[in-house]
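Chain letters run A, B, ... following the sequence lines, proteins first and then strands; every chain starts at 1.
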2 protein chains.
Amino acid sequence: MYKVALVDDHILLSEAIGGLVREFINFEVVNISVNGKEFIRYLETANSDKPDVVLMDVKMPVMGGVETTKYLSKHYPDIKVLALSVEEDESVVMQMIRSGAKGYLLKDTRKSILEQALLEVINYGFYYTNTVERIVKQTENLHEDEVVLKDREIEFIKHACTEMTYKQIAEKMFLSPKTIEGYRESVFQKLGLKNRTGLVIYAIKNNIFTP
Amino acid sequence: MYKVALVDDHILLSEAIGGLVREFINFEVVNISVNGKEFIRYLETANSDKPDVVLMDVKMPVMGGVETTKYLSKHYPDIKVLALSVEEDESVVMQMIRSGAKGYLLKDTRKSILEQALLEVINYGFYYTNTVERIVKQTENLHEDEVVLKDREIEFIKHACTEMTYKQIAEKMFLSPKTIEGYRESVFQKLGLKNRTGLVIYAIKNNIFTP
DNA sequence: TTTACTTAGGGGGAAAATCCCCTTTTTTAA
DNA sequence: TTAAAAAAGGGGATTTTCCCCCTAAGTAAA
């Protein structure tokens with residue numbers, strides 16, 4: 001019997017999908033958690049009931065899919081993560097893949113595809129749909145995300161998605177307005193932006209800031 | 001037997017939730033559609049198999065939950081709409097309720113609550129969770145949405161969510177920069193905003209602009 | 001026909017934001 | 001340990017945004 005765990009804050013959905021998985025031959029559901037933290041707590045006490053595959057949501061409170069997947073890749077490399085989310089945002093997909101997810105199921109998945117994906121992840125180690133494969137190739141080719149934002153810059157961006165002026169942001173970050181100016185300049189240059197409006201849109205698109 | 005239909009573009013989820021509904025006593029699933037248009041087409045040819053309740057997603061391509069609910073309220077008032085969505089955005093909830101939805105199930109719903117909600121909607125005509133009730137009361141009391149934005153103002157807002165300067169927006173809208181200035185002023189005043197960043201956030205929160 | 005509302009346009013000034021070029025201090029890596 | 005980044009701060013100029021107050025034409029309603 002293959003063991004499957006579900007991590008999703010949408011309780012109804014994980015219960016429903018759990019029902020689906022139980023219908024598959026040779027599959028059982030060993031755990032349903034509402035966020036990464038709870039799931040990791042489960043793993044620490046679970047002895048023989050460690051799952052082979054985890055169906056992982058991306059957006060969750062407390063500990064999100066990306067963070068959880070990174071943790072699992074490091075501490076439980078045998079457990080395969082299969083992302084299952086309504087997010088079809090390219091940057092989110094890439095983040096999950098880079099964090100160690102073995103596959104990413106989009107919302108337009110059918111029941112039979114879920115079973116196939118579970119089997120392939122267990123037997124071959126990965127499962128990519130055409131859509132996801134396209135996204136991965138696109139982002140690899142375009143090298144769009146070679147921009148590396150530093151922690152302090154990201155913090156600045158979050159504040160910039162607010163009605164605060166740069167002066168006020170400077171106060172909040174205990175820096176001089178001129179330093180903030182520097183962050184603005186470097187961020188604009190890196191991302192090819194013209195003004196703060198563009199920055200806000202970028203931040204929201206790339207999940208740096210959630211409105 | 002109570003008849004239930006599901007309208008959701010997330011095929012996997014509707015299949016899974018359909019499985020859940022079939023487990024309930026006295027319930028059967030008569031139709032699963034991926035958007036409002038497809039569901040209405042089904043209704044037009046379905047004779048005796050018209051559903052008592054529809055579990056309706058909000059965000060769907062082609063024909064969304066709000067539009068579909070409005071249509072159903074007008075043409076099929078006997079069919080009760082129960083919104084079932086991951087969107088817990090207040091304005092979205094209010095839009096669905098105002099469009100005629102008899103209830104709104106948030107993501108934190110349990111299986112047993114779904115059954116209860118279905119039964120209550122069928123027997124009493126509506127089902128509101130505490131969370132939704134709170135949202136409805138809040139928005140009613142605060143009268144936050146008494147702001148009425150004119151078409152031309154909304155058009156301006158959409159352009160303001162761009163890297164264009166006001167001067168460029170004026171050109172795009174074939175108006176003088178000073179007229180745009182007037183729109184900016186009135187919109188800021190109506191919405192209590194301090195600057196353009198606030199406007200962008202507002203526009204995204206209220207689905208005027210989608211990044 | 002007068003009143004009131006909407007739409008369009010404007011002046012002028014203050015405050016932010018943007019841009020370019022430059023210095024000092026702290027970290028990091030060779 | 002020394003050179004090279006990175007982080008923090010700055011001067012000064014230009015553009016954009018923001019704010020308050022004002023006019024005129026069209027329109028709808030009373």
*OP1 or OP2 of dA7(D) sitting under 4.0 Å from any side-chain N/O of Lys150(A)?*
yes
*Looking at residues 161-177 of chain A, who's got a heavy atom less than 4.0 Å off DNA chain C?*
Thr165(A), Tyr166(A), Lys167(A)
*Test item: Glu38(A) side-chain N/O and Ser33(A) main-chain N/O as donor-acceptor pair under 3.5 Å*: no
_5' precedence on DNA chain C between Asn195(B) and Gly182(B) (nearest-nucleotide basis)_ = Gly182(B)
Indicate every side-chain donor-acceptor pair of residues 60-72 of chain A with a distance under 3.5 Å to a residue at least two apart or in another chain.
residue, atom, partner, partner atom, Å
Thr68(A), OG1, Gly64(A), O, 2.5
Thr69(A), OG1, Gly65(A), O, 2.6

*Nearest heavy-atom pair of Ser14(A) and Asp8(A): which atoms, and what distance?*
OG-O, 3.9 Å
*Hey, where on DNA chain C does chain B first and last touch, going 5' to 3'? Cut-off is any atom under 4.0 Å from a heavy atom.*
dT7(C) to dG12(C)
*Can you tell me if Thr179(A) uses its side chain to pair, donor with acceptor, with the backbone of Leu175(A) under 3.5 Å?*
no
*Parallel under 30°, tilted from 30 to 60°, perpendicular over 60°: which one fits the rings of Phe126(A) and Tyr128(A)?*
tilted
_Axial cation check for Phe39(A) ring with Arg41(A), 6.0 Å and 45° limits_ = no
*Rounding to a whole Å, what distance do you find between Lys190(B):NZ and dC19(D):P?*
16 Å
*asked:* In this structure, how many angstroms lie between the P atom of dT15(D) and the CZ atom of Phe188(A), rounded?
replied: 17 Å
*In whole angstrom, give the distance that lies between atom NZ of Lys178(A) and atom P of dG9(D).*
12 Å
_Do Arg196(B) and Tyr166(B) form a cation-pi contact, if we require the NZ or CZ to be under 6.0 Å from the six-membered ring centre and within 45 degrees of the ring's axis?_
yes
*Within the side chain of Asn206(A), is there an N or O that forms a donor-acceptor pair under 3.5 Å with the backbone of Ile208(A)?*
no
*May I ask you to evaluate whether Arg152(A) reaches the phosphate of dA6(D), defined as a side-chain N or O under 4.0 Å from OP1 or OP2?*
no
*What is the minimum heavy-atom distance between Val7(B) and Gly36(B), and which atoms define it?*
CG1-N, 3.9 Å
*Rounded off to whole Å, could you give me the CD-to-C1' distance for the Glu181(B) and dT16(D) pair?*
10 Å
*asked:* Judged by each residue's nearest nucleotide on DNA chain C, which is more toward the 5′ side, Glu185(B) or Glu185(A)?
replied: Glu185(B)
*Heavy atoms under 4.0 Å, any strand shown: does Arg196(B) hit a base, just sugar-phosphate, or nothing?*
sugar-phosphate
